[in-house]
2 protein chains.
Amino acid sequence: MTTEYSGRGDVAFSLKVMWGGEERPTRGPRPGLSVARIVEAAIRVADAEGLSALSMRRIATELGVGTMSLYRYVPGKAELVDLMLDTAYGEDLDPERDPGQEAERLRAGGWRAGLEQIARGSWALHLRHPWILQVSQARPVLGPSSITGLEIAMRLLDGIGLDDLQMMKVITLVDSYVTGTARLVVEAGQAAQRTGVSDEDFWDAQGPFLMRFLSDERFPTLARAAAAGVFSGDDGDGFGFEFGLQRVLDGIEAFVAAAGRDRPAPGSA
Amino acid sequence: MTTEYSGRGDVAFSLKVMWGGEERPTRGPRPGLSVARIVEAAIRVADAEGLSALSMRRIATELGVGTMSLYRYVPGKAELVDLMLDTAYGEDLDPERDPGQEAERLRAGGWRAGLEQIARGSWALHLRHPWILQVSQARPVLGPSSITGLEIAMRLLDGIGLDDLQMMKVITLVDSYVTGTARLVVEAGQAAQRTGVSDEDFWDAQGPFLMRFLSDERFPTLARAAAAGVFSGDDGDGFGFEFGLQRVLDGIEAFVAAAGRDRPAPGSA
DNA sequence: CATAACTTCGTACAGCGTACCCAGTAAGGG
DNA sequence: CCCTTACTGGGTACGCTGTACGAAGTTATG
């Protein structure tokens, strides 16, 4: 389960580091570490071993320093997680291009293609950094990367006939769908590692009970579906990600078309 | 963040208790507790104080027993979580009605209305038991409640022109959307309690940085949207749940219509 | 060169899940 | 009837966590 929280602790600290960068103090010995290096190591550990393996001691070992040295750079684990998140979100952003240019690029193939590309990017990001899904983003700390991503998405949808609130809801819809599905895939993929139970042992244990409900007259539809191979795991479309994404985009497209009929977008007839 | 895992530990035990019930041993003193009472207490604690407050010691205190007594009934915390999940899933199920009857009832207003009702039920369940979203269901332990829910959904969609795999993908799509959105709402709602930072303090800390990007020329669209009140929190439609649900259902409806044209459902012309 | 600012990091503490073990209780067999 | 056996209750202890505190070492400044 997830037990790490974003946006707790010293929010001001996280924000300052994210937006401002670090400034070197003048006196005393040179710092042997940096916030960036700590965040990088933390992401490395979380990627490889999962969020539950991410302890301050583990990060310190990774960096070859004492545990408490980390607290010279970061107020606590909560702030570190904030920084990890914004750093990960920033991976796909080109610092050379501002949000306007990026949105323009995405618009080239139409807003639907652009939205699809954003969704696929987010999907890949979550598969690359599965721990993100375990961070409860109760109060998203608005770092530059997440803000930039949001601006790009809003700009992409701007002028197609939706008002600001509708644009926001469309973005939220796509994001909810992507994260909801990513959760299923990520968790299934890491099940063996995380639970300490191998796939084989798990299904050996479930087997007798599966047989039980497959032959139960109360579950005929499931029995038929199981026989058709529905439960045989990944079919190459990560738990129906592509299928669902197209349905979601279809639904949004219908809405945009209806909104355009009610109130034609500027520039159209 | 989430750090509890379903489907680890003694899976066979969880399944046995879920499907079989407990049998009383003959010798020795009568057990003062029962698995059901422990699960109930655990859910109570998790509902009220969040998953991070759910410790074996806390449950024992709640029940007025020693911590280690719990281990007479449950092999460990992992199995307890399995049982909590299936118990929660079972809340909306009427034990008097079998899946077939329930599906029939849901079909009365058409498959779309039925699916909408399932989605809304799942939505309410997640808001009632927010901790469910923090349990990483890497390997879902197939308890009777989750199986029954799946059978009902499959039966509802049966015969409308989709094959088994397509039906499953539709269900997965709706479920992903609901859980993805529920996560946003639940986490936002419990932010103050969980993070130990009040709404006021949080926004006081974010404020200066919000101002910064709202006046930044790189984020004009966000600035406009913020002025339009897009960020002012819940607008009565839990982060666009209803909006998104209708878009998702629209997308599914279009797909079903297309599938029906290709290969007419049995019973139609 | 003394001082103040800064560094590293060992130790300690409370809380976690739970392994181990012993004491107490009640039913079954002689 | 009582001893054996199976069971329940739960105290103690261990290794893990995040992190508060403070001691010791390093360096730029007055």
Only pairs under 3.5 Å count here: list side-chain donor-acceptor contacts from residues 63-72 of chain A, not counting sequence neighbours, and write none if there are none.
{"residue": "A:Ser69", "atom": "OG", "partner": "A:Gly66", "partner atom": "O", "Å": "3.4"}

Would you list the protein and nucleotides 9-12 of chain C atom pairs, both N or O, that sit under 3.5 Å from each other?
{"residue": "C:dC9", "atom": "OP2", "partner": "A:Gly66", "partner atom": "N", "Å": "3.0"}
{"residue": "C:dC9", "atom": "OP2", "partner": "A:Ser69", "partner atom": "OG", "Å": "3.1"}

Could you state the atom-to-atom distance from [atom1] of [X] to [atom2] of [N] in whole Å?
X	N	atom1	atom2	result
B:Ile59	C:dG17	CD1	C1'	11 Å
A:Leu51	D:dG18	CG	C1'	14 Å
A:Arg58	D:dG18	CZ	C1'	17 Å
B:Lys77	D:dT17	NZ	P	16 Å
B:Leu33	D:dT8	CG	P	11 Å

Residues that B:Glu40 engages under salt bridge (charged side-chain N to carboxylate O under 4.0 Å, His left out), provided they are two or more places apart: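 Here the qualifying residues are B:Arg44.
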Which residues share a salt bridge (charged side-chain N to carboxylate O under 4.0 Å, His left out) with B:Arg218, sequence neighbours left out: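 Per chain and number, B:Arg218 pairs via salt bridge (charged side-chain N to carboxylate O under 4.0 Å, His left out) with B:Asp216.
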Axial bend angle, the helix from C:dC1-D:dG30 to C:dG30-D:dC1: five-pair end segments, nearest 10°: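 Between the first-five-pair axis and the last-five-pair axis there is 20°.
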Passing candidate, side chain to side chain contact (heavy atoms under 4.5 Å, CB included) with B:Val45, options B:Leu51, B:Thr61, B:Leu54: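 Among B:Leu51, B:Thr61, B:Leu54, the one meeting side chain to side chain contact (heavy atoms under 4.5 Å, CB included) with B:Val45 is B:Leu54.
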Phosphate contact (D:dT8 OP1 or OP2) by B:Tyr73 side-chain N/O below 4.0 Å: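 No, because none of the side-chain N or O atoms of B:Tyr73 sits under 4.0 Å from OP1 or OP2 of D:dT8.
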Atom pair CG (A:Leu184) and OG (B:Ser176), whose distance is rounded to the nearest 0.5 Å: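 One finds 4.5 Å between CG of A:Leu184 and OG of B:Ser176.
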Between CZ on residue A:Phe241 and OG1 on residue B:Thr172, distance to nearest 0.5 Å: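 If we round to the nearest 0.5 Å, A:Phe241:CZ and B:Thr172:OG1 are 13.5 Å apart.
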Heavy-atom closest contact (B:Met56 atom, B:Gly76 atom, distance):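 So the minimum-distance heavy-atom pair works out to CE-C, 4.5 Å.
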N/O-N/O pairs, protein side and nucleotides 1-4 of chain C side, under 3.5 Å:
{"residue": "C:dA4", "atom": "N3", "partner": "A:Arg27", "partner atom": "NH1", "Å": "3.1"}

Under 3.5 Å donor-acceptor, B:Ser146 side chain and B:Leu142 backbone: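 Here the side-chain-to-backbone pair does not exist.
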Residue A:Pro29, side-chain atoms from C-beta onward, closest of C:dT7, D:dT19, D:dT17: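 Nearest nucleotide to the side chain: C:dT7.
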